Q: 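My structure is below; once you've seen it, I'll send some questions.
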Protein chains: 2
Amino acid sequence: MLKYQHIADELENYIEENKLQQGDKLPVLQELMNQFKVSKSTVTKALELLENRGVVFQVRGSGIFVRRHKRSGYISLISNQGFKKMLEEFHITSKVIELDVRKPTKEAALNLNMGLDEDVYYVKRVRYIQGQTLCLEESYFNKSLIPYLNNEIITESIFNYITNGLGLNIGFGDTFLHVDKLTAEEAKYLELTEGDPKLYVESIYHLTNGQPFDFSKITYNYVQSQFFVQAVL
Amino acid sequence: MLKYQHIADELENYIEENKLQQGDKLPVLQELMNQFKVSKSTVTKALELLENRGVVFQVRGSGIFVRRHKRSGYISLISNQGFKKMLEEFHITSKVIELDVRKPTKEAALNLNMGLDEDVYYVKRVRYIQGQTLCLEESYFNKSLIPYLNNEIITESIFNYITNGLGLNIGFGDTFLHVDKLTAEEAKYLELTEGDPKLYVESIYHLTNGQPFDFSKITYNYVQSQFFVQAVL
DNA sequence: CATCATAATTGTACCGGTACAATTAATCAA
DNA sequence: TTGATTAATTGTACCGGTACAATTATGATG
């Protein structure tokens with residue numbers, strides 16, 4: 001684990017464990033340098049990361065302060081870390097409806113940058129939060145990059161498997177979303193009524209070398225889902 | 001203007017003007033250093049910024065590549081820069097419905113971290129995109145920070161006025177969103193039907209010193225609005 | 001001509017430093 | 001006590017450097 005990532009995680013835990021509130025001050029840069037025995041630039045990099053995650057903000061001449069608005073129950077649209085924490089914090093379970101190897105749709109092939117004759121793993125599942133349906137999720141994984149998947153891996157954490165099991169490096173993701181009305185089929189899965197609102201999210205995740213490996217389409221139950229993002233100004 | 005910001009903007013323009021496609025390679029770090037006559041860390045910082053904006057991705061040992069999926073018409077949820085570009089690129093106009101000084105609601109006071117007896121500027125307006133209604137927007141500005149507003153400033157760019165006119169430094173924003181059904185009143189403004197889907201977005205913008213100055217609630221017309229965000233992994 | 005080892009390229013982590021801007025604390029005058 | 005001035009604190013921009021990991025190019029080998 002990289003030093004600056006480790007420091008960022010430590011600080012985030014520190015904030016959480018000590019239940020620091022918005023505006024509370026963290027130790028100054030110099031002190032953090034001493035504490036972690038690293039150079040200034042390493043601490044700075046850790047703090048930049050926390051700024052992008054929306055955890056702290058820094059004020060020149062004043063200090064480092066806690067941000068975290070802590071509207072609990074909100075799902076972070078920008079960090080997969082956040083999603084993983086959600087899974088733990090709340091009772092999010094999932095049921096796999098379909099799992100097989102197949103040829104990609106034109107749309108999937110385009111987004112995964114692969115040929116129509118190549119193979120993908122197709123996964124369709126429903127996620128539940130505290131007994132209620134949270135979302136309906138369809139994913140396409142490039143099989144030449146993710147050669148094997150099974151029910152257990154999916155139920156645990158696919159991203160964790162890709163990183164630790166396969167030794168691949170996940171780099172970045174593009175997420176597109178819009179609002180629409182539920183189709184009859186979607187409504188059935190989400191236990192809602194046709195025409196009800198939905199949040200539809202498409203995500204394309206890439207390895208650090210830029211190769212897309214996962215194209216996912218998620219339809220959220222509007223009753224159960226609240227999101228947040230950080231504005232970069 | 002800071003060097004690294006300038007370099008980031010230059011590179012973004014370069015990509016746009018030369019119509020570089022996804023995967024196209026940019027000059028290597030060393031070359032950018034020579035070209036802009038700055039140190040490595042400055043170029044690196046500029047590239048980090050572009051990575052967070054979702055414009056490029058970097059591959060160790062290989063180079064710097066263009067990302068930009070360019071699904072045109074999508075509004076960036078994370079960068080106000082992006083919103084400003086939208087205003088220019090498309091024909092986004094707005095009509096001010098209300099503009100006055102008043103006391104904040106409890107909700108606004110809480111989010112703006114101010115007393116119920118202090119003053120806010122309240123702005124209610126509808127935005128149009130290519131003739132269609134895009135959204136209904138209610139904003140509260142802390143009057144002790146933004147002492148004066150008028151119709152012209154609002155129609156132009158408030159953020160630009162705050163930065164250049166008032167000399168304040170905008171730092172960061174928190175954005176919360178969920179999906180719901182339109183109320184009768186909202187439907188009237190958006191020229192839709194009660195019960196139709198809406199994307200509801202709350203944003204709180206802060207100065208660099210952490211003080212919130214703007215609390216805005218936006219209700220989007222689901223037909224006209226598509227969004228994207230970058231996942232930070 | 002394919003394969004494998006090796007070298008060159010290229011970005012990232014991390015160090016340590018100077019200058020400076022914004023804030024806060026200390027000092028002093030009225 | 002107040003208000004202005006000065007000094008100390010604290011984070012940010014920018015420089016230049018070393019080491020290294022991942023990729024790509026090279027060249028030797030069969």
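Just so we're on the same page: letters track the sequence lines, and every chain starts at 1. For clarity, every value in this text was computed on a predicted model and none was experimentally measured.
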Q: Counting just side-chain N and O atoms, does B/K3 come under 4.0 Å of either OP1 or OP2 of D/dC15?
A: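 Looking at the OP1 and OP2 atoms of D/dC15, one of them is under 4.0 Å from a side-chain N or O of B/K3.
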
Q: A/T42 side chain N/O closer than 4.0 Å to the phosphate oxygens (OP1, OP2) of C/dC15?
A: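 Answer yes for this pair, as a side-chain N or O of A/T42 is under 4.0 Å from OP1 or OP2.
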
Q: Please give, in whole Å, the distance from C/dT10 C1' to B/F65 CZ?
A: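 For the pair B/F65 CZ and C/dT10 C1', the rounded distance is 10 Å.
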
Q: Calculate the interatomic distance between B/K25 atom NZ and D/dA25 atom P; express it in whole Å.
A: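 Checked: the NZ to P distance equals 8 Å.
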
Q: By nearest heavy atom, map B/G61 and B/T208 onto DNA chain C; which one lands nearer the 5' end?
A: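 With B/G61 and B/T208 compared, the 5'-side residue is B/G61.
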
Q: Within the 4.0 Å heavy-atom criterion, would you say A/L2 contacts the bases, only the backbone, or no part of the nucleic acid?
A: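 Sugar-phosphate only.
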
Q: Can B/R102 be said to sit on top of B/Y122's aromatic six-ring, NZ or CZ under 6.0 Å from centre and within 45° of the ring axis?
A: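 Positive - B/R102 is close enough to the ring of B/Y122 and near enough to its axis.
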
Q: Take the protein atom CD of B/E48 and the nucleotide atom P of D/dT12, then report the distance between them rounded to whole Å.
A: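 Whole-Å distance recorded here is 14 Å.
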
Q: Where is the tightest heavy-atom contact between B/E137 and B/S216, given as atom of each residue plus distance?
A: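 Minimum heavy-atom contact is OE2-OG, 4.5 Å.
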
Q: Contact class for B/L47 vs. all strands (heavy atom < 4.0 Å): base, sugar-phosphate, or nothing?
A: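 Touches nothing.
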
Q: Can you identify which nucleotide, out of D/dG11, D/dA13, D/dC15, has its nearest atom closest to the B/V38 side chain?
A: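 For the B/V38 side chain, the nearest candidate turns out to be D/dC15.
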
Q: In terms of ring plane angle, is the pair B/F213 and B/Y205 parallel, tilted or perpendicular, where the classes change at 30° and 60°?
A: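 B/F213 and B/Y205: tilted rings.
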
Q: The side chain of B/S39 is closest to which nucleotide in this list: D/dC20, D/dG16, C/dC14?
A: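 Per side-chain heavy atoms of B/S39, the pick is D/dG16.
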
Q: Dump the intermediate steps for salt bridge (charged side-chain N to carboxylate O under 4.0 Å, His left out) on B/D119 and B/K103, then the final yes or no.
A: CA-CA 5 Å; B/D119 285 331; B/K103 304 301 177 194; 2.8 Å; yes

Q: With distance as the sole test, does A/D24 use its side chain to make a donor-acceptor pair with the main-chain N or O of A/L20 at under 3.5 Å?
A: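 No, because the side chain of A/D24 does not come within donor-acceptor range (under 3.5 Å) of the backbone of A/L20.
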
Q: Measure from the side-chain heavy atoms of A/V28 and tell me the nearest of C/dG11, C/dA13, D/dT10.
A: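 That would be D/dT10.
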
Q: Between P on D/dT24 and CG on A/N209, what's the gap in Å once rounded to a whole number?
A: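 Rounding to the nearest Å, CG of A/N209 and P of D/dT24 are 8 Å apart.
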
Q: In whole Å, I'd like the distance from the CG atom of A/N34 to the P atom of C/dG16.
A: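 For the pair A/N34 CG and C/dG16 P, the rounded distance is 12 Å.
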
Q: Grab the NZ-C1' distance between B/K37 and D/dC14 for me, whole Å please.
A: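 So the NZ-C1' distance, B/K37 to D/dC14, works out to 17 Å.
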
Q: Select base, sugar-phosphate, or nothing to describe what B/K40 touches, counting heavy atoms under 4.0 Å on all strands.
A: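 Contact class for B/K40: base.
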
Q: Checking contacts here: which listed nucleotide (C/dC15, D/dT23, D/dA21) is nearest the side-chain heavy atoms of B/R60?
A: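 Given the options C/dC15, D/dT23, D/dA21, the side chain of B/R60 is closest to D/dA21.
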
Q: Does D/dT10 have its OP1 or OP2 closer than 4.0 Å to a side-chain nitrogen or oxygen of A/Q58?
A: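 So the side-chain polar atoms of A/Q58 never come under 4.0 Å of the phosphate oxygens OP1 or OP2 of D/dT10.
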
Q: Report yes if at least one side-chain N or O of B/Y4 is closer than 4.0 Å to OP1 or OP2 of D/dC14; otherwise report no.
A: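 So the side-chain polar atoms of B/Y4 never come under 4.0 Å of the phosphate oxygens OP1 or OP2 of D/dC14.
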
Q: In whole Å, I'd like the distance from the CG atom of A/L50 to the C1' atom of D/dG11.
A: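 Answer to the nearest Å: 15 Å.
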
Q: What I'd like to find out is whether the side chain of B/P212 reaches to under 4.5 Å of the side chain of B/N142, using heavy atoms alone.
A: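 No, too far: nothing below the 4.5 Å cut-off.
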
Q: Look at the side chain of A/S62 and decide which nucleotide, out of C/dC14, D/dC15, C/dT24, has an atom nearest to it.
A: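 Out of C/dC14, D/dC15, C/dT24, the nucleotide with an atom closest to A/S62's side chain is C/dT24.
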
Q: Taking atom P of C/dA21 as reference, at what distance in whole Å does atom CE of B/M1 sit?
A: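 The answer, rounded to whole Å, is 17 Å.
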
